[in-house]
Amino acid sequence: MIAGTLSARGSRPVLGLGGFLLIGTAALLAAVTCGIMFGEIAVTPHEVANTLANRLLGFDLPVDPIREGIIWHYRLSRAAVAVCAGASLAICGVVLQALLRNPLAEPYLLGISAGASTGAVTVIVLSLGAGALTVSAGAFAGAALAFAFVAILAFGSGGGTDRIILAGIAGSQLFNAATSFIVTSSATAEQTRGIMFWLLGSLGGVRWPDAGLAFPVVLLALAYCLYRARALDAFAFGEDAAASLGVDVTRVRIELFALTAMLTATVVSIIGAVGFVGLVIPHAMRFLVGPSHGRLILASALAGGVFMALADVLSRLVLPGQVLPVGVITALFGAPVFGVILWRSRGAK
Amino acid sequence: MTLSAENVSWTAGGAPIVRDVTLALPEKGVLGLVGPNGSGKSSLLRLLAGLRRGTGGAVYVDGQPITRIRRAEIARRLAVVEQQATTEVALSAREVVALGRAPQRAAWSAWTERDEAAVASALERTGMMHRAAQQWSTLSGGERQRIQIARALAQEPRELLLDEPTNHLDIRHQLDLMRLLPRLGTRVVVALHDLNQAAAFCSEIAVMHEGRLIAQGAPAQVLNASLIGEVFAVDASVTCGPTGTRISFF
């Protein structure tokens, strides 16, 4: 099916999808392996292999129990969440860029992540029930609110590519200020997670239950987005063009915007607001596999996972004895990419 | 039974744009929609395509209200070419044409021989085969319009609606495009500015004035000096000869 699509659609991507999936999966495994091995306490590949054999296949191979604990409970769960989060954010970027026809659209720059942070923090401070699910629900409400805020501001001020980004800045600032205020004024939130977590993200403290939430969410979202891949293709020439190509524009938009809000909310409630993944990855993947969304979504999900897992490894290695917020690493890569896109869009006009 | 509008009205921001228009598409040929700026041509086309919901009246496709038909189903028989299509997506000309297959394909389904044939035929009929591999962004205005028409043809429509497709083209490309329309083999509705082109290339003319459809018929019947004077506020003389209807303005 995919090979057929490729030959039918003239332009030749750098990589075929088959090749990309192979390389992508290999890169994903390599990134996760890095995630397990590197850190404060070095573990050997042998220990990793034994731990995985014990845990996954029911073997009883000799491993130091503390090291097995680090590998299984700390490192692997963390790598798994990083992969899910990166994939989620990359998918959000692809979807938002297509629907808003804006190359700079992604959850962080549009203030959706900031809104999700505010929502999550509010739930924690008001102690509206406990548990990851309620925090995620709060984050979803916040993300949806931020989405509505940015949309109203952007289209109320005349619409257009630049307006959306400006509205996103206003939204980010507003919701980040609200988050900082709530966290600072509340001892409860301060104890749970600090301001830095909600503004820049961190994979510290991530455990298996978090992966248990992130994995099904990203899998469902991926399947749904692939189902809507053709509709996203049809948005290339705008919403009227999409409608005349048979897309139920209102419905697809609502569903996909809700989906990005849900993905963002899930990610933010687990690892905080991490930026730029949704910007860097889709653009890099467009270059590698072309603009067709079937391929692009799959490739971006894979690459987003790899990128986030590696960013996490870097965040633990750059400063010896310290862990940087993972959002700092993604921003260090993402901000220059933002600049490049801005520069190129100037040339296009 | 084809595509028709019955007493369709459309109001935007309190201002009536289209007023009580009743229009039936001829069984075949090219229907030219003419009228001054702001007379409601584009809005009427959007209503006919089901892209806007009228505030009164209804548009019918084979006797069924268009609002009751699923978008994908509409797109399988009715295609639209906008005045000027723009995208920031790096698509090749062939990929743009292939978009036209979207309404014909179910989600997850494979790209079939029939899809391939439809795209090839659309490129062939618009004379754009040699540009298929080229990037959309590198095409000229005339080529872009042809590729958009090819995309519309790839939908295999029975009706093709075009909104001032010649607007941004030089005279040669305007004539090329107008000559193409009657040969496409679909019913065509085209909004036009140039009355002489409308007279020369359309088998039927519909005249819009202040949101109303005030005349519809063969070019020689409809386009007379008094109507042109009334609608466009210019003095004109119309000569009908063996080479067709010629309109001169003073």
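All chains are named by letter (A, B, ...) in the order of the sequence lines, taking the proteins before the strands, and each is independently numbered beginning at 1. These values consider heavy atoms only, across backbone and side chains, with no hydrogens, waters or symmetry-generated copies.
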Under 3.5 Å, sequence neighbours excluded: what are the donor-acceptor pairs made by side chains of residues 19-28 of chain A?
| unit_1 | atom_1 | unit_2 | atom_2 | d |
| --- | --- | --- | --- | --- |
| A:Thr25 | OG1 | A:Leu21 | O | 2.6 |

Practice item. Using the six-membered ring of B:Trp111, assess whether NZ or CZ of B:Arg101 lies under 6.0 Å from its centre and within 45 degrees of the ring axis. Key: no

Review point. For B:Asp163 and B:Lys41, what are the C-alpha separation, side-chain angles and deciding distance, and is it a salt bridge (Lys or Arg N to Asp or Glu O under 4.0 Å)?
Key: CA-CA 8 Å; B:Asp163 187 9; B:Lys41 300 188 296 285; over 6 Å; no

Review point. Would you call A:Glu239-A:Arg253 a salt bridge at under 4.0 Å N-O?
Key: yes

Review point. Looking at B:Arg76, B:Gln148, B:Arg71, which makes the most heavy-atom pairs under 4.5 Å with chain A?
Key: B:Arg71

Point to revise | Interchain contact, B:Arg70 with chain A, by part (heavy-atom threshold 4.5 Å) | key: neither

Exercise for review: Side chain from CB out, backbone as N, CA, C, O: work out which of these in B:Ala154 comes under 4.5 Å of a heavy atom of chain A, or both, or neither.
Suggested key: neither

Practice item. Using non-hydrogen atoms and a 4.5 Å limit, figure out which bit of A:Val249 sits close to chain B: side chain, backbone, both or neither. Key: neither

Review point. Where on A:Ala243 is there a heavy atom nearer than 4.5 Å to chain B: the side chain, the backbone, both, or neither?
Key: both

Review point. Hey, are B:Arg151 and B:Gln155 close enough side-chain-wise for a donor-acceptor pair under 3.5 Å?
Key: yes

Point to revise | Contacts of residues 78-87 of chain B with chain A (heavy atom under 4.5 Å) | key: B:Leu78, B:Val80, B:Glu82, B:Ala85, B:Thr86, B:Thr87

Point to revise | Residues that A:Thr330 engages under side chain to side chain contact (heavy atoms under 4.5 Å, CB included), provided they are two or more places apart | key: A:Val274, A:Val277, A:Phe307, A:Met308, A:Ala311

Review point. With sequence neighbours excluded, what pairs up with A:Phe338 under the ring pair (Phe, Tyr, Trp, His ring centres under 6.0 Å) test?
Key: none

Exercise for review: Measure the spacing between OG of B:Ser9 and CZ of B:Arg19 and express it to the nearest 0.5 Å.
Suggested key: 9.0 Å

